[in-house]
2 protein chains.
Amino acid sequence: MATTETRRRADAERNIAAILDAALVLFTEEPQSSMAAIARAAGVGRVTLYAHFPSREVLLEAVLDRTIAEAGEVIRKAAPEEGTAMEAFQRLLRTSWHVLNQHRKLFELAQRELGPVRLRQRHRDVVDHVEGLLARGQREGLFRSDLPMNWLVTTVYSLLHAAAEDVNTGQLQAEDAADVLEATLLPALKS
Amino acid sequence: MATTETRRRADAERNIAAILDAALVLFTEEPQSSMAAIARAAGVGRVTLYAHFPSREVLLEAVLDRTIAEAGEVIRKAAPEEGTAMEAFQRLLRTSWHVLNQHRKLFELAQRELGPVRLRQRHRDVVDHVEGLLARGQREGLFRSDLPMNWLVTTVYSLLHAAAEDVNTGQLQAEDAADVLEATLLPALKS
DNA sequence: CTTAAGTCGAACATGCATGTTCAGGTTAGG
DNA sequence: CCTAACCTGAACATGCATGTTCGACTTAAG
């Protein structure tokens with residue numbers, strides 16, 4: 001953050017931000033938006049877009065990274081490690097859901113365009129947070145220890161995303177999701 | 001099944017089958033396979049493909065219908081409705097996760113290309129099977145009734161998919177999958 | 001004020017997929 | 001064996017998105 005390799009003009013910086021903003025919106029609203037559409041929405045020439053993001057894939061990754069970083073920050077602030085692992089987990093679940101819910105369409109796109117593997121790689125620190133919490137819960141004797149830790153994380157992760165998908169398709173009300181998730185996950189996880 | 005509108009030559013019938021076979025494989029392995037690739041894989045001219053399936057969309061629907069029908073048959077045969085809902089459900093779990101794993105990419109594709117609504121319409125009877133079993137479990141007082149039925153179904157399917165994915169990436173042993181799934185799902189579903 | 005960084009539209013170059021048409025070659029089936 | 005159904009490659013017509021290049025215009029920043 002301190003040393004920027006090539007000194008960028010404030011101008012360029014502004015445009016990059018505008019592009020990322022626009023791309024986030026467009027990717028979310030209309031996943032197959034073209035680069036042209038994104039440039040237009042950002043109030044920027046198509047050439048300028050390519051100057052900053054050499055390909056659609058790079059742009060998507062940038063949007064995703066920025067979004068996940070922000071989300072991680074929100075989660076860390078809203079769901080501290082206080083109390084038992086169970087309590088902390090419940091808080092984590094609710095804030096995670098809230099954040100994921102806002103960006104569920106973006107994740108859907110990323111899953112399809114980048115593949116599940118790379119998507120999950122970019123989640124790494126958020127996922128680690130969950131894993132740490134589950135491990136603490138096991139040490140406290142609150143969470144089960146008879147299944148692989150990886151699987152427990154997968155369970156949480158995949159049900160979160162499943163809930164997002166159900167909301168997308170109108171099968172689940174967004175405001176019910178957190179309760180439903182908690183009611184499903186706690187019995188599945190606790191010892 | 002009895003009356004074929006236009007009498008088709010055995011020739012054509014064979015090609016149609018070959019196309020559906022090839023399309024299933026290609027759609028599963030590489031979802032964005034072109035019509036040309038599918039024709040090539042089926043050992044058929046591109047024109048012939050279009051003669052039988054006027055558009056990519058029609059072809060995808062045909063493949064989907066056929067696959068779902070076969071999968072439904074397999075599941076129904078291997079997991080009859082005998083015993084308590086709990087027992088039947090356990091059988092269902094053990095027989096169906098492997099089948100679903102093989103076709104999950106196809107479903108993913110269909111969801112994106114056909115939309116979630118039409119996809120759900122087309123595998124209505126398979127979903128109904130699970131749903132019926134869960135409903136029976138509720139009537140028998142074995143499964144919880146405090147969550148939307150749709151969500152219970154989603155929970156089952158998404159964890160099935162997640163297990164398949166974990167097996168694919170080597171995080172979970174294939175022979176453990178059924179046990180792990182059962183150990184996770186039963187606490188989440190039972191009352 | 002100067003200049004280098006940045007931006008712009010327009011045009012161009014590909015590449016790729018979807019469909020369609022045609023004229024001739026095969027094959028099934030009665 | 002005859003004919004209609006069927007298959008075929010090749011060529012064509014579009015359309016669309018991705019990138020790239022160019023020359024000219026703006027603007028930030030020292």
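Heavy-atom basis, side chains included; hydrogens, waters and symmetry copies ignored. None of the values given here were measured: they were computed from a predicted structure. Here is how names work: the chains are called A, B, and so on, in the same order as the sequence lines, proteins then strands, and each is numbered from 1.
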Given D:dG19, C:dG6, C:dG9, which nucleotide is nearest the side-chain atoms of A:Val47?
-> C:dG9

Given side chains that start at C-beta, do those of A:Leu152 and A:Phe143 come closer than 4.5 Å, heavy atoms only?
-> no

State, with a plain yes or no, whether a side-chain heavy atom of A:Glu81 is found less than 4.5 Å away from one of A:Arg136.
-> yes

Check [Y] with [X], please: is the shortest side-chain N to carboxylate O separation under 4.0 Å?
X        : Y        : value
A:Arg118 : A:Glu57  : yes
B:Arg94  : B:Glu182 : yes
B:Glu61  : B:Arg122 : yes

Round to the nearest Å and state the distance from [X] atom [atom1] to [N] atom [atom2].
X       : N      : atom1 : atom2 : result
A:Gln32 : C:dC16 : CD    : C1'   : 17 Å
A:Ile16 : C:dA5  : CD1   : P     : 15 Å
A:Ile38 : D:dA17 : CD1   : P     : 11 Å
A:Glu57 : D:dG19 : CD    : P     : 9 Å
B:Leu49 : D:dG9  : CG    : P     : 12 Å
A:Phe53 : C:dT7  : CZ    : P     : 11 Å
B:Glu13 : D:dC6  : CD    : P     : 10 Å
A:Met35 : D:dG19 : CE    : P     : 6 Å

Does B:Arg46 make a side-chain donor-acceptor contact with the base of C:dG19, cut-off 3.5 Å?
-> yes

Please determine whether a side-chain nitrogen or oxygen atom of [X] lies at a distance below 4.0 Å from atom OP1 or OP2 of [N].
X       : N     : result
A:His52 : C:dG6 : no
A:Thr48 : C:dC8 : yes
A:Asn15 : C:dG6 : no

A:Pro31 meets the side chain to side chain contact (heavy atoms under 4.5 Å, CB included) criterion, sequence neighbours left out, with A:Leu109, A:Arg112

Indicate, with a heavy-atom threshold strictly under 4.0 Å, whether B:Arg56 touches base, sugar-phosphate, or nothing.
-> sugar-phosphate

Going 5' to 3' through nucleotides 25-30 of chain D, assign each nucleotide B (protein heavy atom under 4.0 Å from a base atom), S (under 4.0 Å only from sugar-phosphate atoms) or - (no protein heavy atom that close).
-> --BSS-

Residues at least two apart in sequence or cross-chain that pass side-chain hydrogen bond (donor to acceptor under 3.5 Å, both in side chains) with A:Gln32, listed by chain then number, are none

